[in-house]
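Report on one structure; see the data block that follows.
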Amino acid sequence: MTDALLVDTDTDTDTESADARRTAAATWWRQAAVYQIYPRSFADADGDGLGDLPGIRSRVDYLAGLGIDAIWLSPFYPSALADGGYDVADYRDVDPRLGTLEDFDELIAALHERGIRVIVDIVPNHTSDLHEWFQEALAAGRGSAARDRYVFREGKGASGEEPPTDWESVFGGPAWERVEDGQWYFHNFATEQPDLNWDHPEVRADFLKTLRFWSDRGVDGFRIDVAHMLTKDLTEPLPTRAELERMPQDGTHPLLDRDDVHEVYAEWRRVFEEYDPPRTAVAEAWVSSPERRAKYASAEGLGQAFNFDLLEADFDADEFRTVITDNLAQAAETGSSTTWVLSNHDVTRHATRYGLSPLAGRPVKQGTEWVAAGGPEADIDRDQGLRRARAATLLLLGLPGSTYLYQGEELGLQEVAAITAEQRQDPAFFRGGEYDGLGRDGCRVPLPWSADRPAFGFGGAVAHLPQPAWFAQYAVDVEAADPTSTLSLYREALRLRRLLQTEERLEWIETGRADVIRFVRPNGWQVVTNFGTEPFPLEAEHDAVVLGALQAGAVPGESTVWIAPVGLLG
C-alpha cells in the first residue's frame with residue numbers, strides 16, 4: 001500500500017537517487033517538527049464552542065505557514081469526554097460533535113497537499129465504558145467471554161462488597177468499580193475508562209484492525225498513549241498497594257512496563273511495514289530508566305519514544321546539557337532518533353513554568369503548585385518566563401532528533417490558572433491522584449485567533465473552557481503583525497531549521513561558563529544558549545548570526561542565537 005503524499009512519480013532511472021528518496025520518505029520522522037493539536041480546543045467551525053475537524057481544516061494554511069512537518073491529533077473519536085477524549089467509545093470513527101469520517105479524509109488530503117504528515121493518537125490501555133465491548137460485558141454477566149476482554153474480578157468480604165485490592169487509580173480514588181451484579185472491574189484511570197485485557201486475542205486483533213483502518217485512510221503514524229501499561233500479570237493472590245509500590249519496574253512489575261508488552265508492539269511493527277513508506281509510531285512511556293525507554297524505541301517495535309526529561313527540568317544549563325547528552329546517547333544505542341518536548345496537553349505550559357521559582361530537585365512537576373494555588377501573580381515573572389521559553393525552544397529546534405510542539409506555544413501562551421471548579425472538565429481535578437487535584441484544563445483552553453472577535457475567533461460566542469481577557473495580546477492576528485512576536489520567531493526558526501538540517505550529531509563547544517551551553521552540528525550550524533543573566537561575549541568570527549540577536553557582540557542573558565557559516569544558507 002502506498003501513501004499518496006509520498007508516491008515517487010519520478011521516472012529518473014538513477015537508482016541511487018530513487019533509493020535516497022525512498023529512505024527520506026521512510027525516515028521523515030527522525031528530525032521532524034511535529035505540532036500537537038488538541039482538536040476540541042484548536043478551532044471551532046460550527047460555533048458550538050467545541051473545536052472540530054472542519055475547524056482544523058480551516059486553519060491548514062496557518063499550519064503550513066508555521067513551517068511544521070507533521071501534526072499529531074489528540075483523540076477525535078466518539079467519547080463522553082470523561083477524560084478529554086481519551087475515553088474512546090469507537091476507535092474507527094469520528095465523534096459527531098467533531099465531524100465525520102469524510103471530514104477526516106478531507107483534512108488529511110488538505111494537510112498532505114501542503115506537505116504536512118499526520119499522526120493520530122491511539123489509546124490501547126482502556127476503552128470508554130460506553131464502548132460496545134464494555135456494554136456487552138455488563139450485559140453478559142459473570143464468566144462470559146465478553147467480560148474476559150476486560151479485567152473483572154470478584155470482590156473481597158462476605159458478599160464481595162470490598163474491592164479485590166486496595167489499589168488507587170492514577171486520577172485518585174479506588175482503581176476498582178463494582179457493577180450491578182457485584183463483580184468489580186479494573187480502571188487505571190477514570191471510572192469511565194475500564195482497562196482492556198491484553199492477554200485476550202480479540203483485543204490484540206481488533207487493534208491491528210484499527211491501525212490498518214487509519215493507515216488505509218492515509219495516516220502517517222501513531223502516538224501510543226500510556227504505551228507502558230497495556231500488559232498485566234494479575235495472577236492471584238494480587239499484591240497490596242504497598243507491595244505494588246515496592247516492586248521494581250524492571251520488566252516484571254504486574255502493571256507497569258512489562259517485558260511482554262513488546263510482543264504487542266512487534267506485531268504492530270509488522271503492520272506498519274505493510275505500508276510504503278512504513279507507518280511510524282512514538283510511545284508515551286513513563287518508565288524507570290533510559291534503558292527501559294529504549295525498548296519502546298526499538299526498530300522492531302514502535303521505533304521512537306518520548307523523552308520527557310525536559311518537562312521536569314528547571315531552566316538550567318547543567319540540567320539541559322545532561323538531558324541532551326544522555327538522550328542522544330540512548331538514541332544512538334537504539335538506532336532511533338530522540339524526541340524533545342517542552343509542553344503538551346498534560347503539563348503546565350513552559351512559558352509559565354519558566355517564570356516560577358526553580359524546583360531545585362524537588363520531586364514535583366513544574367507549575368503544579370502555582371496552578372493549585374490559583375496562579376498568584378506575585379509568584380510569577382511572566383516576562384522572564386516567556387523570555388526563557390523562547391530561548392529553550394530555539395535550543396530544542398537546533399538539536400538532532402524530532403521536536404514536538406504543543407498548540408499555542410508558538411504564541412507564547414501562558415497557563416490559565418483561574419478556572420473555577422464549575423468550569424473545569426479534567427477528571428484529575430475532581431479525583432486528585434498524581435495531578436494533585438489541580439487538573440490539566442489550564443493548558444487546554446481554546447486558542448485565541450483574533451483579538452477583537454467573540455471567543456477570540458475560536459468559533460461561536462463562548463468556548464468550552466473560559467478564555468481570559470489577557471488572551472487578546474496573544475491572538476494570532478496580533479502576533480502575525482508583529483515581527484518581534486513569539487509567532488514570528490517560531491515561523492522563522494522552523495523555516496531556518498529546514499534549511500540548516502543536517503546529520504543527527506552534535507559536538508559540544510566549551511564556553512568557559514557554567515550557565516552557557518554551545519554546540520555545533522556537522523555542517524557548522526551552531527547554537528548558543530545563555531541560561532544566565534550576564535551577557536556572553538562571542539569571539540570575532542566569520543560566521544553569521546542567522547537567528548536571535550547579539551548586543552554589543554554578546555549573547556544576551558536568557559536567550560539563544562543560531563550561528564551558521566557564511567554561504568550555508570545560500
Side-chain angles (χ1 to χ4, degrees), residues 16-34 67-70 277 280 282 290 294 297 299 303-305 307 309-310 317 320-342 391-405 490 492-513 516-531 536 538-548 550 555 559-570:
E16 184 176 338
S17 296
D19 287 346
R21 287 193 294 274
R22 280 194 292 272
T23 299
T27 60
W28 65 267
W29 50 274
R30 295 190 64 91
Q31 298 203 77
V34 182
I68 55 171
D69 300 300
T280 66
V282 58
Q304 194 176 53
N307 145 34
D309 297 342
L310 291 178
F320 268 66
R321 178 164 180 160
T322 298
V323 167
I324 293 166
T325 300
D326 290 350
N327 281 280
L328 289 177
Q330 294 161 29
E333 288 180 10
T334 63
S336 181
S337 69
T338 193
T339 62
W340 308 109
V341 186
L342 291 174
T393 296
L394 292 190
L395 170 57
L396 261 63
L397 288 174
L399 289 169
S402 57
T403 302
Y404 284 76
L405 311 171
Y490 267 70
E492 181 65 3
L494 288 163
R495 183 187 74 83
L496 289 171
R497 184 178 187 270
R498 284 188 173 182
L499 297 174
L500 293 168
Q501 198 56 267
T502 181
E503 300 169 51
E504 294 178 46
R505 293 185 288 110
L506 64 73
E507 289 184 21
W508 294 106
I509 298 175
E510 179 55 50
T511 66
R513 289 247 312 250
V516 178
I517 62 177
R518 182 176 186 176
F519 59 82
V520 59
R521 300 288 297 277
N523 60 357
W525 171 22
Q526 292 188 36
V527 177
V528 186
T529 301
N530 183 355
F531 286 82
F536 174 69
L538 283 180
E539 67 278 11
E541 49 189 292
H542 298 293
D543 294 342
V545 173
V546 297
L547 191 62
L550 302 182
V555 181
S559 71
T560 294
V561 299
W562 289 2
I563 304 169
V566 174
L568 183 59
L569 292 175

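Please read all numbers here as calculations on a predicted model, not as lab measurements.
Looking at E504, its side chain never comes within 3.5 Å of a backbone N or O of L328 through a donor-acceptor pair. With T339 contributing its side chain and A305 its backbone, the two residues share a donor-acceptor pair below 3.5 Å. Judged by distance alone, the side chain of N523 and the main-chain N or O of L500 form a donor-acceptor pair under 3.5 Å.
For the atom pair Q304 CD and Y404 OH, the distance stands at 4.5 Å (nearest 0.5 Å). Here the CZ-CZ distance, from R321 to R518, works out to 12.5 Å after rounding to the nearest 0.5 Å.
The two atoms that bring W525 and L397 nearest to each other are CH2-O, 3.7 Å, heavy atoms only. Nearest heavy-atom pair across N307 and D309 is OD1-N, 2.9 Å. Contact detail for W508 and I517: the closest heavy-atom pair is CZ3-CB, 4.1 Å. In terms of heavy atoms, G401 sits closest to R497 at O-NH2, 3.1 Å. When all heavy atoms of S559 and A391 are compared, the pair lying nearest together is CA-CB, 3.6 Å. In terms of heavy-atom proximity, P400 sits nearest to R521 at N-NH1, 3.5 Å.
Here the side chains of R498 and D69 are in contact, with some heavy-atom distance below 4.5 Å. Contact check for I563 versus L538: side-chain heavy atoms found under the 4.5 Å cut-off. No side-chain heavy atom of T334 sits less than 4.5 Å from a side-chain heavy atom of Q330. Using a 4.5 Å heavy-atom threshold, the side chains of F519 and L399 count as touching. By the 4.5 Å heavy-atom criterion applied to side chains, I68 and L494 are counted as neighbours. When side chains are defined from C-beta on, V282 does not count as touching T280, because their heavy atoms never get closer than 4.5 Å. Between W340 and I324 the shortest side-chain heavy-atom distance falls below 4.5 Å.
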### Task
Mind running side-chain contact (heavy atoms from CB on, under 4.5 Å) on L569 and L496 for me, showing each step along the way?
CA-CA 8 Å; L569 292 175; L496 289 171; 3.9 Å; yes

### Query
Could you go step by step and tell me if E492 and L547 meet the side-chain contact (heavy atoms from CB on, under 4.5 Å) rule?
CA-CA 8 Å; E492 181 65 3; L547 191 62; 3.6 Å; yes

### Task
For S336 and W29, run side-chain contact (heavy atoms from CB on, under 4.5 Å): C-alpha distance rounded to whole Å, both residues' side-chain angles, the deciding distance at 0.1 Å, then the answer.
CA-CA 10 Å; S336 181; W29 50 274; 4.1 Å; yes

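Just one of V528, T529, V555, L396 meets the side-chain contact (heavy atoms from CB on, under 4.5 Å) condition when paired with T560; it is T529.
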